[in-house]
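Presented below is the structure to which this report refers.
The model shown is predicted, which means the values in this text are computed figures rather than measured ones. Counting starts at 1 for both ligands and their atoms, in listed order.
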Amino acid sequence: MSASVGIDLGTTFSAVAYVDPKTRLPKIIPNREGRNLTPSVIQFLNGEEIFGGEAEDAFNAGEENCVATFKREMGEEKPFCCIDGKPYSSEELSAKLLRRLKEDAEAALGEPIKDAVITVPAYFYSKQREATLRAAQTAGLKVKKLIDEPNAAAMTYGLNCWRENANILVYDLGGGTFDVTLVHMGKDGELATVATRGNHTLGGRDWDARLQEILIERFEEETGLDLREDREARFMLGGMAEEVKKELSAPNMESVKVVAKFPEYGKATISATRAEFEERTVDLLSRTGALCLAVLEEAGLAKEDVADVLLVGGSTRMPQVKAYLEKLFGKPPLSRVNPDEAVALGAAIQASKENESYVSLSVAVVDGKKTTDRSGIQLTSASKAVKAEKNLGNVGLLSLRETTAHAMGVVAVDKDNDRYYNEIVIPANHPRPVRAAKKFRFFPSPNGDNELAIYVLQGDDESPLNCQITSKYVASGIRYAKENAALGVVIRVQYSYDENGIVRVQARQDDSNVDLPIRKESLPSDLSAFGRPVSAAQNAKGAKGSIAIQGVGAQSLAHKYKAVTFSNVKWQKYDAVASHPSGAMFGEPSVHVVAEDKRIEFHGYNVSEMDEGVQYEIEPDDSFVIECDVDTSTIQPHPGGSLNISLGLIEAQLTENGGSFLISGKRVAQVGSRFHLRMSLSEGGKYEVAVDGKVVGEEFKASKRNVVVRFGFVHEDHYCKLLSHAYVSDISMSHAAASDGEESSEAETWDD
Ligand code: ADP
Ligand code: MG
């Protein structure tokens, strides 16, 4: 025999449950100490790892080598703590705790654990869910599914108190996180989440901190001693504050007295009243209330449409929470499930079930914003339609359909090429698992490694920096097709939001039914470029435009609309020599520079000093690449003159027979008359020039201020007669994609 269990991996406490095969009802599995809850605390003592009550006591006594609340940093790569010189991440610590929970449950059940459903806060991002999955694997657990904590609690509640057509608001205030979720109870046990919000740095600990402040003030009043700077004393008071908080939660407890004793400061009897505690924490409650209202707004419901508010999480034991919610919703909240155990019990119910299959995307555009089309779910607003409570009797009837907590998008470049924005692929609060794909346009270069950077965003905001940029994927092997050179190729990007709330990214080119190779790269540490304009062509400086082609990373981004091309860059050019400041002295006819999408054409005369021809400045933070095919046989400058192409420190001096490359004025290479040129400036300040795919010179210059890109003619005598037309062809200043001016459109999804 082997069992499927549900695990509530909490910030402060964890619990394990299973469905008793005899009763078909969920039940907590006590740990080896016989307790239903295991503190999420580990003590590292003389090479041993201590868990349970002992670790908790040690932690509360301020002992070193204890770790707690590590779930708060789940998914972060940096270590959560360092013990005996060894760093541990939240994921590693969670793995240790999970292993312990597994061992205890196996011992209690007397059989091995086959698989587990683990709960996570609804508001956990993809990377935090992935880290949870990995931690479970490390602990030797096979994960059947991750489910959201509030959904698990709602299942537990629904088992005994099913109310058909009811909208239930699950209010989960734990030790370190707050989640609020609106669920809908449909026909006979069909539970669906509608909308969810949360704050995973708001929880019981914040109440503890406020109470700790009160205790420090009292101690100071009594003794004149200030404990604020003393880490150890503060720590002890922190543990004390939690105890006082719990005591203040007891019925009719108006004030609590404690004896605070410190070796270095002596002792004092100090007290805290419920009234002052409530007054000092009222803002924390308001924050939870605001999120409740946000969820209702998202669901399009009014407060009156909430049939019941369900309390989950240890912190809902504070009487002010109940009072606050009663005032907000006009009815007392429910506390019919054990707030500490409901989550684990619900996970156990889910563990006894099969997982769901993918649904197709249903999107509605409301006020220009993409949202989930919920016309399919009947969200009954009138409480009249809610049927009387009934007991489902056993877990058989219950089923759960979860939703996406966050909208998922791609960082793309908008139609004017002037800013980065969040192109939403899957809206928030959509039933999951779900797949959706979108088309983007991309201009491959004939020579380069054509790679598309897909930055995955979670969040609703238009601006990428107001969302979570969760990961970076790079799709490679994008094929160049000469006949498509002008239009580019279509890349379909597909997001799969799986049943665990984890996102998978795939990409395909044109109509191919094979995925492009895709790899995950670590995110650049500085993503601030996404908050700056892509192109400063429109900036107030006027004629001199500047373009950022590759603001972040080495790969280009998907573009929604037409990319930067020569025709939409403001070129500094003179159509007549006479319009040049010193043109009159030449008395020559006209000079003409035509810059088109894939070519620059020079006619007639050009005046030197490089403030004509084509020229623009690059933003200091940009990366920039110029790629072009050069056939110098079309150039016939006046003797002594040359066609110059330059990017910052790099300069090419070309005549009809080829020419040379200079970096900072020093010659680095000689070229023949036909070649493929690539000049680049990457983010760190590295200038590089490559001819026919081979790097011929590079130089590093940290400062990238006033970097100028120029195409023009130079002659010692300050002007240069061009004897015939000259062309630089197949030029691209970006690998960046473009589309034909239409909005990125939906694409057919595909299975694996
Ligand atoms: P998590 O899900 O984050 O692990 P729990 O739901 O187990 O958290 O809740 C733990 C929090 O509940 C802690 O901050 C703890 O202080 C608080 N808590 C537990 N019992 C009480 C109580 N009687 N009164 C007030 N707070 C309580
Ligand atoms: Mg919890």
Side-chain angles (χ1 to χ4, degrees), residues 6-17 28 31 35-42 56 59-60 67-74 90 93-94 97-98 101 118-124 128 132 146-157 170-181 196 198-212 238-253 256 272 274 277-278 281 284-285 288 310-324 335 337-347:
I7 302 179
D8 171 7
L9 183 63
T11 311
T12 19
F13 288 102
S14 298
V16 187
I28 293 283
N31 66 15
R35 287 165 59 177
N36 284 1
L37 303 180
T38 301
S40 303
V41 180
I42 309 174
E56 188 188 23
F59 178 77
N60 288 340
V67 283
T69 65
F70 37 86
K71 180 174 164 184
R72 276 192 170 190
E73 290 184 16
M74 194 65 134
S90 290
L93 297 166
S94 301
L97 177 61
L98 281 167
L101 296 171
I118 300 180
T119 61
V120 289
Y123 229 66
F124 253 21
Q128 296 160 309
T132 306
L146 299 179
I147 68 171
D148 295 351
E149 288 160 10
N151 300 345
M155 285 181 98
T156 304
Y157 168 65
V170 184
Y171 180 100
D172 180 359
L173 187 60
T177 56
F178 171 67
D179 266 305
V180 52
T181 302
T196 182
N199 179 341
H200 45 261
T201 56
L202 179 64
R205 305 214 106 217
D206 299 291
W207 272 262
D208 298 347
R210 298 283 170 89
L211 199 47
Q212 185 184 5
M240 204 177 275
E242 199 197 349
E243 287 311 311
V244 172
K245 175 185 77 173
K246 286 183 183 165
E247 283 181 46
L248 280 176
S249 294
N252 305 321
M253 190 63 98
V256 168
R274 186 190 274 187
F277 176 49
E278 291 185 1
T281 51
L284 300 174
L285 275 182
T288 68
L310 177 62
L311 297 180
V312 184
S315 297
T316 61
R317 291 213 154 92
M318 292 187 289
Q320 66 260 47
V321 173
K322 294 192 188 86
Y324 176 79
S335 39
V337 297
N338 179 332
D340 304 314
E341 298 175 1
V343 172
L345 294 171

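Closest to atom 22 (C) of ligand 1 by heavy atom, among Glu149, Glu341, Lys246, is Lys246. Summarising the contacts of atom 2 (O) of ligand 1 with Gly203, Ala342, Gly174, the nearest heavy atom is found in Gly174.
For the pair Gly176 and ligand 1, a heavy-atom separation below 4.0 Å is found.
Within the 4.0 Å heavy-atom criterion, both parts of Ser315, backbone and side chain, lie near ligand 1. With a 4.0 Å cut-off on non-hydrogen atoms, Glu242 touches ligand 1 through its side chain and not its backbone.
The contact set between ligand 1 and Arg317, taken as ligand atoms under 4.0 Å from a residue heavy atom, comprises 22 (C), 23 (N), 24 (N). Annotation for ligand 1: atoms under 4.0 Å from non-hydrogen atoms of Met318 are 25 (C). Taking every non-hydrogen atom of Gly204 and a distance limit under 4.0 Å, the qualifying atoms of ligand 1 come out as 14 (O). Within ligand 1, the atoms closer than 4.0 Å to a non-hydrogen atom of Thr11 are 1 (P), 3 (O), 4 (O), numbered from 1 in the order shown.
For the residue pair Ser40/Ser14, the side-chain donor-acceptor check at 3.5 Å is satisfied. Using a 3.5 Å distance cut-off with no hydrogens or angles, the side chains of Tyr171 and Thr316 do not pair a donor with an acceptor.
Dense packing is recorded around CZ of Arg274, with more than 12 heavy atoms of other residues, nucleotides or ligands lying under 6.0 Å away.
A donor-acceptor pair is defined here as one N or O able to donate and one able to accept, closer than 3.5 Å; such a pair exists between the side chain of Ser90 and the backbone of Phe70.
At least one N or O atom of Phe13 sits closer than 3.5 Å to an N or O atom of ligand 1. Residue Gly313 places no N or O, backbone or side chain, under 3.5 Å from any N or O of ligand 1. Between Thr12 and ligand 1, a contact under 3.5 Å exists for at least one N or O pair. Taking only nitrogen or oxygen atoms, main chain and side chain alike, Gly10 does not reach within less than 3.5 Å of ligand 1. For ligand 1, the polar-atom distance check against Lys245 finds a nitrogen or oxygen pair separated by under 3.5 Å. In terms of N/O distances under 3.5 Å, ligand 1 is not approached by Asp340.
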Apply the test side-chain contact (heavy atoms from CB on, under 4.5 Å) to residues Glu149 and Phe124: give CA-CA distance (whole Å), side-chain angles for both, the deciding distance (0.1 Å), then the verdict. CA-CA 10 Å; Glu149 288 160 10; Phe124 253 21; over 6 Å; no
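Of the protein's heavy atoms, Ser249 OG, 3.2 Å lies nearest to atom 25 (C) of ligand 1. Ranking protein heavy atoms by distance to atom 3 (O) of ligand 1, first place goes to Gly175 N, 2.8 Å. Annotation: atom 9 (O) of ligand 1 to nearest protein heavy atom, Gly314 N, 3.2 Å.
Closest heavy-atom contact between Tyr123 and Asp179: N-OD1, 3.4 Å. For the pair Pro39 and Leu97, the tightest heavy-atom approach, listed with the atom from each and the gap, is O-CD1, 4.2 Å.
Residues Val337 and Leu310 have side chains in contact (heavy-atom distance under 4.5 Å, counting atoms from C-beta outward). Side-chain atoms of Tyr157 and Val170, non-hydrogen and from C-beta on, never get closer than 4.5 Å to each other. Looking at heavy atoms from C-beta onward, Leu202 lies out of side-chain contact with Thr177 at the 4.5 angstrom threshold.
The side chain to side chain contact (heavy atoms under 4.5 Å, CB included) test with Phe178 singles out one residue from Asp206, Thr201, Asp172, Leu173, and that residue is Leu173.
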